[in-house]
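Remember, it's a predicted structure, so these values are computed and weren't measured experimentally.
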Amino acid sequence: MRQSHLSSKRAGLGPWLLVPLLSLVLAACGEGTSVDPQRVPEEELSTSRSSLGEFRLRLMAANISSGNNQSYDPGHGIRIFQGTKPDVVAIQEFNYGNNSDTAIRSFVDTAFGTGFYYYRETGAQIPNGIISRWPIISAGEWTDPKVGNRDFAWARIDIPGPKDLWVVSVHLLTSGSGVRNEEAVSLVQRIKDNIPTGDYLSIGGDFNTDSRTESAFGTFSQVVTTSAPYPADKNGNVNTNAGRSKPYDHVLVDSDLLAYQTATVIGSSSFSGGLVVDTRVYSPISEISPAQSSDSGSTNMQHMGIIKDFLLPGDDGTTPVGSVTVGSPNGGESWAAGSSQAITWTATNITNVKLEYTLNGSTWNVISASTPASAGTYTWVVPGSATTAARVRVSDAANTSITDSSNAAFTITTTPTPDPTNAITQETESNNTAATASGRVGAGTSVSGSLSTSTDVDWFKFTVTTPGTVTVKLTMPGGADLDWYLYTESDLNFFAARGYTTSNPEVASYNAPSAGTYYVKVVGYAGTMSSYSLLVTGAGVQP
């Protein structure tokens, strides 16, 4: 049995104890939570523990890095976090930027929100960590006896209600089932020695398990439940490696927490045992926007995220608290002005909702002052102003403090007037940025260019007048190795398509979802310098 010598909420953890506990967190966390407990008045801590009713907890295990150095820099994992909105995450390969406090804080702010807390183990090549909507009141790491570049990261979280939540983030070895069981034995003993039996427990992360019959699961079953039902994707597949053939990743919880598990509901989709997040098969992808269908198949993405939802009693355990979540538009969509589109949401314990939109991120306009929350959808005629900063907000009509808005901006397009300039046949320097891109590249008209230095980059723009397939072809002389990347006007940070192999010519196609301006960037692999010919074709590309 797990020991119960540590204080829990039911043992009388009061606000007076939170400040020293949070101070210990900072000492233990190193690069952890950015909150300074000395600047939080005791009155505020006390207020934060006021009575709350039933609340939803979304737990996620996520080894969804896609960078060359096992980092989240490319942004694929960030978009998945933004689209699925977890409350607490056991995260693996917790690297971003230069891994400074500023870089990690920026990652958490972008992927989850500025109010989230985090703990990240120190001194590890591929660190484990925990990210939480609620305060982390203590955290640390336990030694993994079989591997030297990460440990078991744990955090004690002050969720609403009479119990704390303990989360352990793990990344077991690939070397064999016997080694993984040795890791499990060590971790289970740590849990028994340190975590109160009266609190909630979750072990989440990348187990690297080849099957659900491995002995590690029998070991873990001493403290958490390992039996079915298991999370699954849209097609019912419960496996989580990149090839979707092995159960690598897991969110395992103790019996106390399991009693409150509920279906994971996103938009109009419901997953009774939880969700395996594979964007390649998720449909409609707009439900988890700004995630893109290609994100889970990106280079170096070896795992799928795992989600389980729980409906837990709050401090009073009786009065339900309302909640609302925007389903669509949730960011990344492109809607034509004047078209009819469905705004969707999920709501609990709310009678009517208020619908609003913004074109600039600050000024909000009412769509409907009150519409039945149970409908879950509202047909909206999109306004006639073009913007890349639109969002929708859904609130409780009776209490607008209960609210949710699109995770990220979406685009409203108007039919573009064809560019009157003639199609170019030759690049013009300097065109090293999107703002100075050479253009316009016309459909079927070859453009000659040259990368004259090892750091030269050439940008081009072209106009799509109707949605459809766009094909980009880059031809180089001899054995030169040049690559190209295609971007939408609304997102110049993450490419939408690319030609980056050793082929000559480099050819690939992209399904342009809307009319507008698109960009192609030409770069030399490893500093290659060469002349080239660029050709863009497609029925919807302006000649």
Side-chain angles (χ1 to χ4, degrees), residues 66-69 71-76 78 95-98 103 106 292 294 298-300 388 416 419-464 469-512 516-538 541-543:
S66 59
N68 290 331
N69 296 314
S71 76
Y72 287 83
D73 292 356
H76 308 99
I78 291 176
N95 292 314
Y96 185 75
N98 63 2
S106 173
Q292 300 176 7
S294 59
S298 61
T299 303
N300 299 325
T388 59
D419 191 333
T421 61
N422 294 326
I424 63 171
T425 58
Q426 179 69 43
E427 70 151 321
T428 303
E429 289 286 359
S430 169
N431 59 345
N432 294 343
T433 67
T436 60
S438 297
R440 162 185 65 83
V441 177
T445 301
S446 295
V447 178
S448 298
S450 176
L451 297 179
S452 55
T453 69
S454 61
T455 59
D456 192 11
V457 176
D458 290 344
W459 283 80
F460 299 88
K461 61 183 177 181
F462 62 93
T463 301
V464 171
T469 300
V470 174
T471 300
V472 178
K473 177 179 180 181
L474 185 67
T475 305
M476 297 76 71
D481 187 3
L482 305 184
D483 301 321
W484 60 263
Y485 297 82
L486 186 148
Y487 300 83
T488 64
E489 187 174 30
S490 61
D491 189 349
L492 296 172
N493 294 312
F494 298 115
F495 60 83
R498 59 181 173 176
Y500 67 111
T501 68
T502 57
S503 299
N504 188 0
E506 286 279 11
V507 183
S509 296
Y510 170 68
N511 187 25
T517 301
Y518 291 78
Y519 293 83
V520 174
K521 178 176 69 174
V522 178
V523 300
Y525 177 74
T528 298
M529 295 178 287
S530 175
S531 60
Y532 60 84
S533 176
L534 175 68
L535 181 67
V536 178
T537 56
V541 180
Q542 183 182 347

Donor-acceptor contact present, side-chain Thr471 to main-chain Thr537, <3.5 Å: no
Distance in Å, Asn432 CG paired with Lys521 NZ, rounded so as to fall on 0.5 Å steps: 11.0 Å
Value rounded to 0.5 Å, distance of CH2 in Trp484 from CG in Leu534: 9.0 Å
Residues which pass side chain to side chain donor-acceptor pair (under 3.5 Å) with Glu489, listed by chain and number, not counting sequence neighbours: none
Derivation and outcome, side chain to side chain contact (heavy atoms under 4.5 Å, CB included), residues Tyr518 and Val536: CA-CA 11 Å; Tyr518 291 78; Val536 178; over 6 Å; no
Worked check of side chain to side chain contact (heavy atoms under 4.5 Å, CB included) between Tyr500 and Thr299: CA-CA 12 Å; Tyr500 67 111; Thr299 303; 3.8 Å; yes
Taking every non-hydrogen atom, the tightest pair across Ala480 and Asn504: O-ND2, 4.4 Å
Residue Asn68 excluded, over 12 heavy atoms near CG under 6.0 Å: no
Straight-line distance of Asp73 CG to Asn98 CG, nearest 0.5 Å: 9.5 Å
Lys461 atom NZ: more than 12 heavy-atom contacts under 6.0 Å: no
ring-ring contact (aromatic ring centres under 6.0 Å, His included) partners for Tyr532, two or more places apart: none
Distance, nearest 0.5 Å, that separates OG of Ser454 from CE of Met529: 6.0 Å
Side-chain donor/acceptor of Glu427 to backbone N/O of Val447, under 3.5 Å: no
Inter-residue atom distance Asp483.CG - Thr502.OG1, 0.5 Å rounding: 9.5 Å
Non-neighbouring partners of Tyr519 that pass ring-ring contact (aromatic ring centres under 6.0 Å, His included), sequence neighbours left out: none
Asn69 atom CG, over 12 foreign heavy atoms within 6.0 Å: no
Donor on one side chain, acceptor on other, Thr501 and Ser503, under 3.5 Å: yes
Side chain to side chain contact (heavy atoms under 4.5 Å, CB included) assessment of Asn95 paired with Tyr72: CA-CA 6 Å; Asn95 292 314; Tyr72 287 83; 5.8 Å; no
Side chain to side chain contact (heavy atoms under 4.5 Å, CB included) evaluation trace for Val457 with Tyr485: CA-CA 11 Å; Val457 176; Tyr485 297 82; over 6 Å; no
Val522 backbone acceptor or donor facing Asp458 side chain under 3.5 Å: no
Side-chain (Arg440) to main-chain (Thr421) donor-acceptor, under 3.5 angstrom: yes
